[in-house]
Amino acid sequence: PQFEAIHQTYLTEIERVLAAAVAQGELRGIEPVMLARTLYTASIGETVLWASTPETEPHIARLGSIFDAIVTPYRLSDSGA
């Protein structure tokens with residue numbers, strides 16, 4: 001139950017940020033719940049990969065690269081993408 005609560009906290013926050021981005025016209029054509037789950041799952045996978053080679057690149061940079069790769073197709077052209 002404790003891990004479930006932690007996972008839900010992360011998912012809820014990612015969903016909130018994605019919904020805000022849609023409301024502000026930064027993203028289009030997304031389902032915030034599904035994209036939040038995708039981003040969260042990717043972050044877990046990237047964290048596991050980073051743990052085996054932490055000296056190659058900072059964790060936050062690797063997460064940023066993964067998140068950008070996933071979100072970029074949904075960015076509106078005038079939002080700086």
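These values consider heavy atoms only, across backbone and side chains, with no hydrogens, waters or symmetry-generated copies. Along the sequence shown, residues carry numbers from 1.
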K.L.:
What are the two closest non-hydrogen atoms of Ala42 and Ile66, and how far apart are they?
P.N.:
CB-CG2, 3.6 Å
K.L.:
Which value, rounded to the nearest 0.5 Å, describes the distance between Leu39 atom CG and Glu15 atom CD?
P.N.:
10.5 Å
K.L.:
Report the residues that fulfil side chain to side chain contact (heavy atoms under 4.5 Å, CB included) with Arg37, sequence neighbours left out, ordered by chain and then residue number.
P.N.:
Leu11, Thr41
K.L.:
With sequence neighbours left out, what residues match Val17 under side chain to side chain contact (heavy atoms under 4.5 Å, CB included)?
P.N.:
Glu13
K.L.:
Determine which pairs satisfy salt bridge (Lys or Arg N to Asp or Glu O under 4.0 Å) with at least one residue from residues 44-61, sequence neighbours left out, and list them in order.
P.N.:
Glu46-Arg62
K.L.:
Go through the structure and list residues passing side-chain hydrogen bond (donor to acceptor under 3.5 Å, both in side chains) with Thr47, not counting sequence neighbours.
P.N.:
His59
K.L.:
Identify whether Phe67 and Ile60 are in the same connected component of the hydrophobic contact network (ILVMFWY, side-chain heavy atoms under 4.5 Å).
P.N.:
no
K.L.:
Find the distance between CD1 (Ile30) and CG (Leu18) and round it off to the nearest 0.5 Å.
P.N.:
4.5 Å
K.L.:
Measuring from Thr38:OG1 to Ile14:CD1, what's the distance to the nearest 0.5 Å?
P.N.:
10.0 Å
K.L.:
Using a 4.5 Å cut-off on heavy atoms from C-beta on, say whether the side chain of Val22 contacts that of Arg28.
P.N.:
no
K.L.:
For side-chain contact (heavy atoms from CB on, under 4.5 Å), just list the numbers for Arg75 and Leu27, CA-CA rounded to whole Å, side-chain angles, deciding distance to a tenth of an Å, and then say yes or no.
P.N.:
CA-CA 5 Å; Arg75 287 188 178 145; Leu27 296 176; 3.8 Å; yes
K.L.:
Quick check: are there more than 12 heavy atoms from other residues, nucleotides or ligands sitting under 6.0 Å from CD1 of Ile6?
P.N.:
yes
K.L.:
By the ring pair (Phe, Tyr, Trp, His ring centres under 6.0 Å) test, which pairs, at least two apart or in different chains, include something from residues 6-39?
P.N.:
His7-Tyr40, Tyr10-Tyr40
K.L.:
Apply side-chain hydrogen bond (donor to acceptor under 3.5 Å, both in side chains) to Gln8 and list each qualifying residue two or more places apart in sequence or on a separate chain.
P.N.:
Thr12
